[in-house]
Amino acid sequence: MVPLAAKRKKGLVIVESPAKAKKIGGYLGDDYIVRASVGHVRDLPAKAADIPAKFKKEPWSNLGVNVDEQFAPLYVVSPEKKKVVKELKDLLKNVEELIIATDEDREGESIGWHITELLDAKVPIKRMVFSEITKKAIQEALENPREIDMDLVQAQETRRVLDRLYGYTLSPLLWKKIRPKLSAGRVQSVAVRVLVERELERLVFKSGTYWDLKAELDTESKARFSAQLVTVKGKKVATGKDFDEHTGKIKEGTDVVLLSEEQARALQEKLTSTDWSVTSIEHRNQNRKPAPPFTTSTLQQEANRKLNMSARQAMQTAQRLYENGQITYMRTDSVTLSQEALDAAHARIKADYGDNYLVSRQYTGKTKNAQEAHEAIRPAGTEMKSASELGLSGGEARLYDMIWKRTMASQMAEARLRFDTVTIKADETEFRATGRHVEFPGFFKVYVEGSDDPEAQNEEEDSNLPELKENDKLGCADLEAIGHETKPPARYTEATLVRKLEAEGIGRPSTYASIISTIQDRGYVNKSGSQLVPTFTAMAVTRLLEDYFPNLVDLQFTAQMEQSLDDISMGQAERLPYLEKFYSGKEGINEQVKSHEEEIDPRKACTLKLEGLDADVRVGRYGPYLERQENGERVTAGLPPDIAPADVDNATAEKLIEEKKKGPQALGMHPEEGLPIYVKRGPFGPYVQLGEQTDDGEKPKRASIPLNYDPDSLELETAMQLLTLPRRIGLHPVDGKVVNAGLGRFGPYVLHAKKYGNFDKKTHTYTTDDGSKTVDVLTVDMDTALEMLAKSKSRGKAEPLKVLGEHPEDGQPVEIYEGKYGPYVKHGKINATVPKEMEINDVSLDAAIPWLEAKAAKKGVKKAAKAKKNTAKKSTKKKSAKKAPTKSVAAKKTSRKKSESTKE
DNA sequence: CAGTGAGCGAGCTTCCGCTTGACTT
C-alpha cells in the first residue's frame, strides 16, 4: 500500500522477479520504488477466450498474428497480469522517471519494451542493465543508463511469432490426421523425435552374446587382485563394442576372437593349472579438472542423477533457496562466477583446505545460443556458508549442498591420478589388470560430477593394485567364465534429455522442466522409473512430421533460427522477410500444411508398420491396438496403455490377439455362487468380476485389483476375497465401533467411524512404522489399522476463529478460520483469504461478502473447465438446453452441480 | 465406475518464454 501522503520518488525501477526487486530495493534506498513485472506482461492470446471480440472475425484471429499485414502481433494482457500492470501504472504517477531494469537478454529487453508500451509513461524512460546484484554494480548501472534496444526487441518478437505460427498451424493438422488436442512445436516436436529415434534403435537392436574370463590372482606375498582376459593367441577377445547392433554379430572386418560358452569353459579348465606371470607394467598420469559451476541444465542433470529429483522438483527447490536469498538466480545458462563469488570461494577454500587446494578459475560458456543474462548458480552472498551453517534441511539442504560443493570445487586444484596397467601371461593368453591411484585429490575432496551410467565406478575412488614387477610369478586363486549380452542403447532420462536439448541449443533454462511435462501431458511420453518412454502416438506424430516437414523437426532448425535472430538483433536483417519465407509463399508452412492436408490419409498416419512385427500397430481413440488380417478378416487387440514400443514383439502380439479371440478367461468358478470369476481391464485399471453382465441391467459384482497384485497371475482365492470386501477387521478397542477394510474410488482403505486410513498410493500396501510388516487391504490387522487411522488427518471440523454472521442470500454462516496461508473467510464451499493488512477483529460481514463473490466467480470458471471433461459424452443434450431462454440460470445450475460432484 | 477401434452439428484444442500465484487435506 502506498501511503496517501507519499513523497514524490525519484524513480520506479522495474525488474522481472519479486525476490530481485526486494534485494535491489535494499540497495537503492527510499528514493526509488522497485517492483517486479513477474515475467512477461503481454503476449499473444493463448486461447480463443482471450481474443478480444473485435478481432474474433478476422481470419487470422486464432493465430493472434495478422499474417496478411506484416505479421503484426495481437498482444493482450493476460487476466492474471492485469493486477500487476495496474499497480505499476498507479506507482508511475508518483515518480519522476521510469527505469527499466529487466534482464539483459532477448526476452528481458522485450519485457522492458512491453512495459513501456503499456504504461505509456509521461516521465523520462531509462534502461539500466547489470549482471551482478551488488550495491556497487547497481549504482553504476543506474548512473549509466541506455536506450531500449529495438533490434533486440524485434528479434524476440520474431521468435515469438515464429513459434506461434509453427505450433498453431501444425497442431491442427495433427488433430485432423491423428487425434484431437495433440500438439507440435519447435521445441517439443524435436524433443519427442529424439526419444522416438532412440526407441526405434532399441526396436531393431539385436543382442549378441560373448564370454570372457575373470581371474583372481595372488602375488607371492598373498596380495589379491583381479584381471580380465584380453587376448588369446595374440588376438583380441571380443567385447561389447565389437558387435553390430543391427545383427547381434561381430562387426564386419573386426579381427577378434569371439568366445562361446564352451570355449570359455575349456580355456578356464586349461588355464587353472598353468603358470601365471607378469609380463609388463605401465604407468600413466592423468589430471582431472573440476566441472564448471552450475547452470540450470547441469543443476537439473545432477539433481536427477545424485538426488533423484525430477527437473521440476529441482527447480521448485532451487526457487525456495533463491527466494530465501541463499543462492543466486536459478534460471541461467552462464557458467561465470562474479568477483564476489570468487572471493567467497577462495577464502573458504583457504580456510578449510589450505592454499595448495586453491586455484582461481574463470569458466567461459560454450553452450549454443547462451544469453548469459545472469551468473552461474552458486551460494549467494560473500561467505560461502554451508548448508548446515544456514540451518537447511531436507531437499533444500541436499540441493544447496550440491551447489555449494560444485562452486567450491570449481575453484580448487586439479586432481592428479595415476593409472597402472599390468599385463599378465598365462599359457597362450594375456590378461590385464588396471589400478587407479589418487596421488593428489584436489577438488575430489569436495565434489565429483555424477555419471549417467549407474554402474560406472566413482572417479575419486582408489582401486590400487598390489606391488608388482615384471616376471613376478602369480598364483591363480579363482578363474571364472562370465557370459555377457550386449545391451541396446539406453533410453533417455530427464537428465540426458535436458543435456541433449541444451547441447543442441533447443529450449531455454526456464523451459527445460516444462518441456518434460508437456510431452508427458500430450501423451507422447510415459515415465517408467527414470526412463522417458515414447508412446505409439509419439511415433505416429514424429513419422508424419518427418515425412512432410523434415526441415522443421531437424535438430538444426533451432540453431538456424537463432542465427537469423542474431542477425535481426544486430540490425543486419529484417524480421519481415524471414517470417514471410517461413510462413507465406509456395514453400511456406501455410501452403505446405494445406497441400499435405489433402494427400495425407489419416488411416495411414495412424498405422505403424514396425520392423520385425507382423501385426500393425494403430493409434486409436482409446489407445494403441494391434491389427492383423487373418483369412481376409480383420482382427484387433488392445495394447496395454503404458507398454514401451520397443517391447512389443511377435510373441507379445500373438498372445494379446489370442487372448482377445478367446474372450475373457474365467479364473475359475466361485464354489458357492456357481459363477465364473473373470479378470478384466477397464478404464480404471484391472478388476475382477463375478459372473456375466446380464440383460436386465443388473450389474455383476466387481472389485478393483489393488496394485500389489499382478492381474495376470491372480489366484482364484485372492479374487474371491476381493469380491467379499469390505471386510470387518474387528472392533475398535476404545469405542467398540467397527473397523473395516475395503476398496473405494481412491483405492484401498481402512475405515473407522467415518475416518479413513490410507495405503500407499503407488503400491496399495502399508508398512508399519517399525518396519516389521507390510500389509494390504486383505491382510491388514487391527494393530496396523489403528496405526494407519492415527496417521490420517482428522476430518473433524476446525473451530472458527470468529463467526461474522449469516450470509444475506442463503442464511448460511460466514466464518473466519485460520489456514496454512493465514486467516480466511468461509461461506459454504467458498473460501477467500483475508487481506494481509487487515486485523481479524476489523473484518465485518459486509466487508467479507465482496471477497467471497470475487472468489466464487474465479472458482466457477475453473470448475466449469474441469467439469467439461467429465461430462463430454452428455454434451449433446446440454447444447440444446443452452438455446432455451433461461440460458444463464440453467448454465449456473449445471455448473454448480458439476462442481459438487468433482469435489465429492 | 468398468467396452470399444465408427461419423453432421458448435466450438475448442495447440506454440515458446518470462515469472510467481494458488493451494486452506
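Each chain gets a letter, A, B and so on, in the order its sequence line appears, and its residues count up from 1. Everything quoted here is computed from the prediction, not taken from an experiment.
- What separates CG of A:L722 from P of B:dA2 is a distance of 19 Å, to the nearest Å.
- Between A:R106 and A:E157, none of the side-chain N atoms (NZ, or NE/NH1/NH2) sits under 4.0 Å from a carboxylate O, so this pair counts as no salt bridge.
- Here the C1' atom of nucleotide B:dT4 and the CG atom of A:L626 are 15 Å apart, to the nearest Å.
- Residue-level contact check: A:L182 touches the backbone only, with heavy atoms under 4.0 Å from sugar-phosphate atoms and none from bases.
- A:K181 has its NZ atom 17 Å from the P atom of B:dG11, to the nearest Å.
- Projected onto DNA chain B by closest heavy-atom contact, A:A703 and A:S183 fall at different nucleotides, the more 5' of which corresponds to A:A703.
- Between A:L656 atom CG and B:dG5 atom C1' there is a gap of 15 Å when expressed in whole angstrom units.
- Partners of A:T332 according to the side-chain contact (heavy atoms from CB on, under 4.5 Å) rule, which considers only residues two or more places apart in sequence or in another chain, are A:T296, A:S334, A:H374, A:I377.
- Panel note: side chain A:K81, backbone A:V38; a donor-acceptor pair is recorded below 3.5 Å.
- Considering only side-chain N and O atoms, A:R522 lies under 4.0 angstrom from the phosphate OP1 or OP2 of B:dC15.
- You'll find a donor-acceptor pair under 3.5 Å spanning the side chain of A:Y622 and the base of B:dA6, going by distance alone.
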Can you give one letter per nucleotide of nucleotides 16-21 of chain B, 5' to 3': B if a protein heavy atom sits under 4.0 Å from the base, S if only from the sugar-phosphate, - if neither?
BBBBS-

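- Atom-to-atom, CG of A:L173 to C1' of B:dC15 comes out at 15 Å; the value is rounded to the nearest Å.
- Looking at A:S171, its side chain does come within 3.5 Å of a backbone N or O of A:A184 through a donor-acceptor pair.
- For A:Y687, counting side-chain heavy atoms from C-beta on, the closest listed nucleotide (B:dC15, B:dC12, B:dG3) is B:dG3.
- Listed by chain and residue number, A:R628, A:K661 satisfy the salt bridge (charged side-chain N to carboxylate O under 4.0 Å, His left out) test with A:E630 (two or more places apart in sequence, or in another chain).
- Look at A:W175 and the base of B:dT13; the rings stack, centres closer than 5.5 Å and planes less than 30° apart.
- Side-chain N/O atoms of A:R603 include none lying less than 4.0 angstrom from OP1 or OP2 on B:dA6.
- Residues satisfying the side-chain contact (heavy atoms from CB on, under 4.5 Å) criterion with A:K23, sequence neighbours excluded, are A:Y27, A:I133.
- With a cut-off of 3.5 Å on both pairing distances, the Watson-Crick and G-U wobble pairs of DNA chain B never assemble into a stem of 3 or more.
- Here A:R186 pairs with A:D163 under the salt bridge (charged side-chain N to carboxylate O under 4.0 Å, His left out) rule; sequence neighbours left out.
- Around NZ of A:K57, the count of heavy atoms belonging to other residues, nucleotides or ligands within 6.0 Å does not exceed 12.
- A salt bridge links A:R159 to A:E107: at least one charged side-chain nitrogen sits closer than 4.0 Å to a carboxylate oxygen.
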